[in-house]
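Computed over heavy atoms, backbone and side chain alike; hydrogens, waters and symmetry mates excluded. We name chains A, B, ... by the order of the sequence lines, and we start the count at 1 in each one.
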Protein chains: 2
Amino acid sequence: MADTRQKLIVGAMETIRTHGIAGVSARTVAASAGVNQALVFYHFGSVDDLLSEAFLSATRARVERYRERLAAVATVRDLLDVGRRLHEEERALGNVTVLAQLLAGAQSDAKLAGSTAEALGLWVAEIEAVLVRVLAGTPLADLADSAGLAAAVSAAFIGLELFEGVDPVGAHAALTSLEQLAVLVEVMEDLGPVTRRALRAKLRPPAARSPRRSRA
Amino acid sequence: MADTRQKLIVGAMETIRTHGIAGVSARTVAASAGVNQALVFYHFGSVDDLLSEAFLSATRARVERYRERLAAVATVRDLLDVGRRLHEEERALGNVTVLAQLLAGAQSDAKLAGSTAEALGLWVAEIEAVLVRVLAGTPLADLADSAGLAAAVSAAFIGLELFEGVDPVGAHAALTSLEQLAVLVEVMEDLGPVTRRALRAKLRPPAARSPRRSRA
DNA sequence: GTCTATAGCTGGATAGAC
DNA sequence: GTCTATCCAGCTATAGAC
């Protein structure tokens with residue numbers, strides 16, 4: 001059947017999740033999938049190619065699944081709610097774990113780097129779209145560029161995932177802090193126009209700001 | 001000589017840096033150190049033990065080296081300057097790379113997890129001390145707990161490092177955005193007392209805030 | 001498409017000569 | 001303390017039977 005491919009894809013994700021990128025091999029993946037080891041090479045050519053394809057298809061499915069919910073986000077408070085929900089769901093499924101492992105592997109494996117970057121890009125693009133919508137009108141909108149912010153948010157989640165593996169308490173505290181930071185932005189939405197203008201004036205056009213060094 | 005140990009420690013760091021956690025073995029490390037493979041086991045017992053010891057000693061040395069500079073930080077602007085400097089220096093030396101790789105490995109290796117957590121803790125503690133000093137008096141001081149913030153900052157840098165490996169442009173934009181976010185905090189330092197009190201009132205005691213769900 | 005078998009390599013770890 | 005030699009496990013990848 002054509003679902004040996006599917007079994008291998010599922011097995012690949014499962015293996016990265018449980019054994020980490022260093023524990024992935026044609027044998028471990030095939031064992032987890034319950035199929036013969038040689039089929040990895042028959043269907044995908046190499047282990048790396050299997051990983052790439054598995055991760056891309058898994059990510060596409062996840063992003064798809066969240067598109068609707070993200071589209072409904074209109075305020076910072078919404079974003080935090082959906083964000084936490086997404087984080088918990090992804091955590092339970094282990095997708096962020098997989099992303100972190102692949103990123104680690106990709107640092108010294110050009111082949112993995114390409115597909116990992118592509119999958120990561122799917123998330124970043126989605127996050128950016130939401131941020132643009134939610135931050136419109138807040139001082140942040142003209143403070144930081146949206147692509148950069150989206151990348152920063154993604155990076156933070158990846159780092160948190162790794163952090164959580166060795167220090168769950170610390171990671172939880174970090175997540176809470178980040179949420180409270182976001183409250184700052186939320187608060188700005190509710191400020192009176194006078195205060196807002198004062199803030200805005202302080203922030204000035206960021207494009208005109210010299211890129212490095214200037215006296216405080 | 002007793003510096004075979006040292007050679008192996010240096011070789012271990014170098015190997016993680018260049019080949020990633022998945023590329024580390026007694027043989028690759030020994031080759032990079034220019035010593036015999038069997039000496040890994042004679043001096044350290046196992047590869048994992050070597051990695052643990054190497055990383056802890058390297059981290060201790062780095063934290064030591066930055067203690068002074070961090071102690072001189074008094075404002076958010078200072079913090080950003082030193083932070084960027086530190087980030088660039090660590091990047092050039094590859095220490096954050098190593099940290100990220102070890103964290104990835106530690107997710108499925110309890111032995112690594114312990115020592116990695118310990119080393120990570122060294123950085124977090126240092127960062128927290130600075131944050132407490134710098135944020136004293138800003139609304140952030142009572143918004144988020146300092147340990148959580150320090151962990152969040154650390155996690156963000158780790159995530160950025162991995163991000164950078166597959167998308168350098170995106171990672172750079174993310175870092176820039178984070179710096180501009182920090183400007184928000186800086187701006188608050190300069191706000192008049194009236195505005196500040198308004199902000200503070202909005203933020204309220206975070207301890208009294210119900211942990212989840214409440215109508216907006 | 002799937003399986004067995006196997007070549008050829010790299011891995012951790014140890015024994016024992018020096 | 002260091003080196004050689006070695007065992008054995010696990011790895012990628014392929015050839016070839018079914």
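Out of D/dT2, C/dG1, D/dC11, the shortest distance to the side chain of B/Thr4 is found at D/dT2. Nearest to the side-chain atoms of B/Leu39 among the listed nucleotides D/dT2, C/dC3, D/dC11 stands D/dT2.
In this structure A/Glu118 satisfies the salt bridge (charged side-chain N to carboxylate O under 4.0 Å, His left out) test with no other residue, sequence neighbours excluded. Applying the salt bridge (charged side-chain N to carboxylate O under 4.0 Å, His left out) criterion to B/Arg91, with sequence neighbours excluded, gives B/Glu161, B/Glu164. With sequence neighbours left out, the salt bridge (charged side-chain N to carboxylate O under 4.0 Å, His left out) criterion links B/Arg133 to no other residue. By the salt bridge (charged side-chain N to carboxylate O under 4.0 Å, His left out) test, A/Arg17 is found to be paired with A/Glu14, residues two or more places apart in sequence or in another chain being considered.
The ring-ring contact (aromatic ring centres under 6.0 Å, His included) contacts involving residues 127-154 of chain B comprise nothing, where partners must be two or more places apart or lie in separate chains. The ring-ring contact (aromatic ring centres under 6.0 Å, His included) pairs that include a residue from residues 56-115 of chain A are A/His87-A/Phe157, where partners are two or more places apart or lie in different chains. Screening residues 14-35 of chain A for ring-ring contact (aromatic ring centres under 6.0 Å, His included) gives no qualifying pairs among residues at least two apart or on separate chains. Residue pairs satisfying the ring-ring contact (aromatic ring centres under 6.0 Å, His included) criterion with at least one member in residues 104-128 of chain A, sequence neighbours excluded, are absent. Residue pairs that meet the side chain to side chain donor-acceptor pair (under 3.5 Å) test with at least one member in residues 21-31 of chain B, sequence neighbours left out, are B/Ser25-B/Thr28.
Across the protein-nucleic acid pair, A/Phe41 atom CZ and C/dA7 atom C1' stand 14 Å apart, rounded to whole Å. Rounded to an integer number of Å, the gap from A/His43 NE2 to D/dA13 P is 16 Å. Taking atom OH of A/Tyr42 as the reference point, atom P of D/dA15 lies 15 Å away to the nearest angstrom. If you take NE2 of A/His19 and C1' of D/dC11, they are 15 Å apart, rounded to a whole angstrom. Taking atom NZ of residue B/Lys111 and atom P of nucleotide C/dG12, one finds them 12 Å apart after rounding to whole Å. The distance from atom CZ of B/Phe44 to atom C1' of C/dT14 is 18 Å, rounded to the nearest whole Å.
In this structure, B/Leu102 and B/Leu120 have side chains that are not in contact, with every pair of non-hydrogen atoms separated by 4.5 Å or more.
Within residues 46-54 of chain A, the residues that place at least one heavy atom under 4.0 Å from DNA chain D are, in residue-number order, A/Ser46, A/Val47.
Of the possible donor and acceptor atoms, none in the side chain of B/Asp3 sits under 3.5 Å from a partner among the backbone N and O of B/Gln6.
One axis for each end of the helix from C/dG1-D/dC18 to C/dC18-D/dG1, each built from five base pairs, and the angle between them comes to 0° at 10° resolution.
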If you restrict it to nitrogen or oxygen atoms, what contacts under 3.5 Å exist between nucleotides 4-7 of chain D and the protein, and what is each distance?
residue: D/dT4; atom: OP2; partner: B/Asn36; partner atom: ND2; Å: 3.4

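In terms of phosphate contacts, B/Ser25 brings no side-chain nitrogen or oxygen within less than 4.0 Å of OP1 or OP2 of C/dT10.
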